[in-house]
Amino acid sequence: MTTSPGKNSDEIELRERWTRPENTPVLAAVHEALEQGGDWRRILREWSAPWGTDNDLGGIPLTGADLAGADLTGVHLSYADLRGCRLSGCDLSDAFLIGADLSEAQLMNASLLRANAGLADFTAADLSGTRADDCVLSRARLVGATLHGASLRRARLIGTDLTNADLSNADLRSAVLISTKTDGTVMTNTRLDGVRRGSLRP
């Protein structure tokens with residue numbers, strides 16, 4: 001199978017499986033369970049029998065869904081479409097968000113502890129008060145994102161785009177910001193003790 005420009009085969013496969021007609025009822029059931037606090041993990045286990053995987057939501061389309069306060073610890077959401085999602089107060093600790101689209105998502109006071117969000121798109125997302133210590137944000141896009149008061153201690157932001165992001169009052173102690181774009185980034189009262197800046201720009 002040939003891949004579309006800018007997309008890899010894993011991304012295409014993860015997203016296309018949710019569009020197959022036979023999987024439409026599963027998508028609807030998982031979506032409803034996530035929004036209403038139901039047992040979405042049970043649905044996944046039954047769907048993935050006999051393997052019994054209960055945390056694989058890779059590539060799932062959830063644009064605009066209200067998942068506020070959901071327990072998504074350790075979940076695989078790589079290449080998921082989470083544009084405009086309400087994820088405030090969500091626990092995404094240890095989650096995989098590689099290549100996920102979280103543009104304009106609301107993640108206020110969410111937990112992204114140790115999450116892997118490399119290549120993810122957080123353009124114009126609100127991550128105010130988010131706890132993202134030890135999070136991987138390498139090559140992620142946080143253009144125009146709000147991270148006011150967020151904790152990003154020891155986070156890896158290698159090649160990350162923070163253009164016009166608001167990091168005021170954020171805690172980036174011991175974070176790695178090598179080859180990070182910071183044009184127009186607001187860093188008022190940002191804690192930067194022990195940061196590895198590398199070729200931080202400007």
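Since we're looking at a predicted model, the values are computed, not measured.
In terms of the side chain to side chain contact (heavy atoms under 4.5 Å, CB included) criterion, residue partners of S138 (sequence neighbours excluded) are, by chain and number, V136, R156, I158. Residues forming a salt bridge (Lys or Arg N to Asp or Glu O under 4.0 Å) with D166 (at least two apart in sequence, or on another chain): none. For T123, the side chain to side chain contact (heavy atoms under 4.5 Å, CB included) test picks out S103, D121, R141, V143, with sequence neighbours left out. By the side chain to side chain donor-acceptor pair (under 3.5 Å) test, R139 pairs with no residue at all, sequence neighbours left out. For the side chain to side chain contact (heavy atoms under 4.5 Å, CB included) test, residues two or more places apart in sequence or in another chain that qualify with R45 are D39, R41, R42, D54. The side chain to side chain contact (heavy atoms under 4.5 Å, CB included) check on T24 picks up nothing, with sequence neighbours excluded. Qualifying side chain to side chain donor-acceptor pair (under 3.5 Å) partners for D193, counting only residues two or more places apart in sequence or in other chains: R191. Under the side chain to side chain donor-acceptor pair (under 3.5 Å) criterion, S128 pairs with D126, not counting sequence neighbours.
Side-chain contact of D133 with S151: a donor-acceptor pair under 3.5 Å is present, judged by distance alone.
For the pair N55 (side chain) and L57 (backbone), a donor-acceptor distance under 3.5 Å is absent. Listed for the R17 side chain is no donor-acceptor partner under 3.5 Å among the backbone atoms of I12.
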Practice problem: Determine, step by step, whether T163 and T185 satisfy the side chain to side chain contact (heavy atoms under 4.5 Å, CB included) criterion, reporting the C-alpha distance in whole Å, the side-chain angles of both residues, the deciding distance to 0.1 Å, and the verdict. | Solution: CA-CA 6 Å; T163 302; T185 304; 5.7 Å; no
Self-check item: Residue pair D171, R173: steps toward the salt bridge (Lys or Arg N to Asp or Glu O under 4.0 Å) verdict
Solution: CA-CA 6 Å; D171 187 350; R173 283 178 285 177; 2.7 Å; yes
Exercise. Begin from the C-alpha positions of D10 and E13 and carry the test side chain to side chain contact (heavy atoms under 4.5 Å, CB included) through to its verdict.
Key: CA-CA 5 Å; D10 288 339; E13 170 60 24; 5.8 Å; no
Exercise. Would you check, one step at a time, whether the test side chain to side chain contact (heavy atoms under 4.5 Å, CB included) holds for L67 with L62?
Key: CA-CA 9 Å; L67 310 179; L62 292 171; 4.1 Å; yes
Exercise. May I have the step-by-step check of side chain to side chain contact (heavy atoms under 4.5 Å, CB included) for V186 and L167, ending in yes or no?
Key: CA-CA 6 Å; V186 178; L167 286 160; over 6 Å; no
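In this structure, the separation between CG on L142 and CG on L137 is 6.0 Å, given to the nearest 0.5 Å.
For CD of Q106, the number of neighbouring non-hydrogen atoms (other residues, nucleotides, ligands) closer than 6.0 Å is greater than 12.
Counting only residues at least two apart or in different chains, side-chain hydrogen bond (donor to acceptor under 3.5 Å, both in side chains) contacts with residues 59-81 comprise N8-Y79, T63-D81, D71-T73, D81-R83. Among residue pairs with one or both ends in residues 145-189, none qualify as ring pair (Phe, Tyr, Trp, His ring centres under 6.0 Å); sequence neighbours excluded. Screening residues 28-37 for salt bridge (Lys or Arg N to Asp or Glu O under 4.0 Å), with sequence neighbours left out, gives no hits.
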Would you mind writing out the side-chain donor-acceptor pairs for residues 87-100 within the sub-3.5 Å range, not counting sequence neighbours?
{"unit_1": "D91", "atom_1": "OD1", "unit_2": "S93", "atom_2": "N", "d": "3.0"}
{"unit_1": "D91", "atom_1": "OD1", "unit_2": "S93", "atom_2": "OG", "d": "2.6"}
{"unit_1": "S93", "atom_1": "OG", "unit_2": "S111", "atom_2": "OG", "d": "2.8"}
{"unit_1": "D94", "atom_1": "OD1", "unit_2": "R114", "atom_2": "NE", "d": "2.8"}
{"unit_1": "D94", "atom_1": "OD2", "unit_2": "R114", "atom_2": "NH2", "d": "3.0"}

